[in-house]
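In what follows, a single structure is set out as structure tokens and then discussed.
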Amino acid sequence: MPDVASAREADARLVEALREQDLAAAGQLYDRYATNVRGLCHRLLGADTELDDVVQDVFLAAITSIHRLREPSLLKSWLLGIAVGKVRDGLRARWRRRWLVFHPFDELPEHPAAESDSPTDVVREIKALLDHLPPEERLALLLHRLEGLSLDEAAQASNMTVSTFKRRLTRAETKFIQRAERRPALADWLRLNRR
């Protein structure tokens, strides 16, 4: 696994190629970060029929606005910040559509059944706990703990001050641990993963 400095240097080179409108660089950007972006969007949206569209919108926005990235070595956190914004935009639009369009109950489309990413009880239990956190707290926990962004990078990606981000992260961690302690399937996992 490459170290952080090497990854940031590679990101800076990739940003330079994108700024020079190198078509291969767009594919490299996608290949390098599609898993991260898709994973974050899935964790924020759940099993959503619009997930692929959101991921595509993230990369399109990144490529067309690459000149706005001030620090090329922070490409990953900037890209995840775009993902957070696109998810928020999508949720706001969905909320507005719900209020603007009224359908009789029997004409509402069926919600797709939730898909499990893994057959293990631990993964299902963790997903259930994350789903019950308020969105901003879940976002803080995912960006910092799962995506591995520093506090500063995660705060910037989620458009929060560092102090606000830390408060939300602390609340999310506290709630997550308290709820995990009450779930038998997570007892061993929690013991192994505590700091």
*Exercise: identify the closest heavy-atom pair between R32 and N36*: O-OD1, 3.8 Å

Pairs of donor and acceptor atoms involving the side chains of residues 157-169, under 3.5 Å and at least two apart or interchain, shall be tabulated with distances.
residue: S158; atom: OG; partner: A154; partner atom: O; Å: 2.9
residue: S158; atom: OG; partner: A155; partner atom: O; Å: 3.3
residue: T161; atom: OG1; partner: S163; partner atom: OG; Å: 3.3
residue: T161; atom: OG1; partner: T164; partner atom: N; Å: 3.1
residue: T161; atom: OG1; partner: T164; partner atom: OG1; Å: 2.9
residue: T164; atom: OG1; partner: R167; partner atom: NH2; Å: 3.1

*Begin from the C-alpha positions of W78 and S73 and carry the test side chain to side chain contact (heavy atoms under 4.5 Å, CB included) through to its verdict.*
CA-CA 10 Å; W78 180 74; S73 65; over 6 Å; no

*Let me see the working for H144 and L149 under side chain to side chain contact (heavy atoms under 4.5 Å, CB included), right down to the final yes or no.*
CA-CA 5 Å; H144 184 62; L149 299 182; 5.6 Å; no

*asked:* If the threshold is 4.0 Å, N to carboxylate O, is there a salt bridge linking E153 and K76?
replied: no

*Considering only heavy atoms from C-beta outward, does the side chain of L40 approach that of V84 to under 4.5 Å?*
yes

*Can you name the nearest heavy-atom pair linking L130 to R138, along with the distance?*
O-CD, 3.1 Å

*L29 vs L75, side chain to side chain contact (heavy atoms under 4.5 Å, CB included): CA-CA, chis, key distance, verdict*: CA-CA 10 Å; L29 176 69; L75 176 62; 3.7 Å; yes

*Which pair of heavy atoms, one from I82 and one from A61, lies closest together, and at what distance?*
CG2-CB, 4.0 Å

*If you count the non-hydrogen atoms of other residues, nucleotides and ligands that lie under 6.0 Å from CD in Q56, is the total more than 12?*
no

_Sub-4.5 Å side-chain heavy-atom contact between R19 and L69_ = yes

_Minimum heavy-atom distance A172-L141, with the two atoms named_ = CB-CB, 4.1 Å

*asked:* Set out, in order, the CA-CA distance, both residues' side-chain angles and the distance that settles side chain to side chain contact (heavy atoms under 4.5 Å, CB included) for L80 and Y33, then state yes or no.
replied: CA-CA 9 Å; L80 293 177; Y33 289 115; over 6 Å; no

*Treating Ile, Leu, Val, Met, Phe, Trp and Tyr as nodes and any side-chain heavy-atom pair under 4.5 angstrom as an edge, say whether L74 and L142 lie in one connected cluster.*
no

*Would a 4.5 Å heavy-atom cut-off, applied to side chains only, mark R88 and L44 as touching?*
no

*If you group Ile, Leu, Val, Met, Phe, Trp and Tyr by side-chain heavy-atom gaps below 4.5 Å, do V37 and I63 land in one group?*
yes

*Could you tell me which non-hydrogen atom of K86 sits nearest to which non-hydrogen atom of D57, and how far apart they are?*
CE-O, 3.9 Å

*CZ of F176 to CZ of R145: how many Å apart, nearest 0.5 Å?*
11.5 Å

*L18 side, atom CG; D22 side, atom CG - distance, nearest 0.5 Å*: 7.5 Å

*With the threshold set at 4.0 Å, does a side-chain nitrogen-carboxylate oxygen contact exist between E125 and R179?*
no

*Which pair of non-hydrogen atoms, one from L133 and one from K175, has the smallest distance, and what is that distance?*
CD2-CB, 3.7 Å

*Side-chain contact, heavy-atom cut-off 4.5 Å: E147 with R43?*
yes

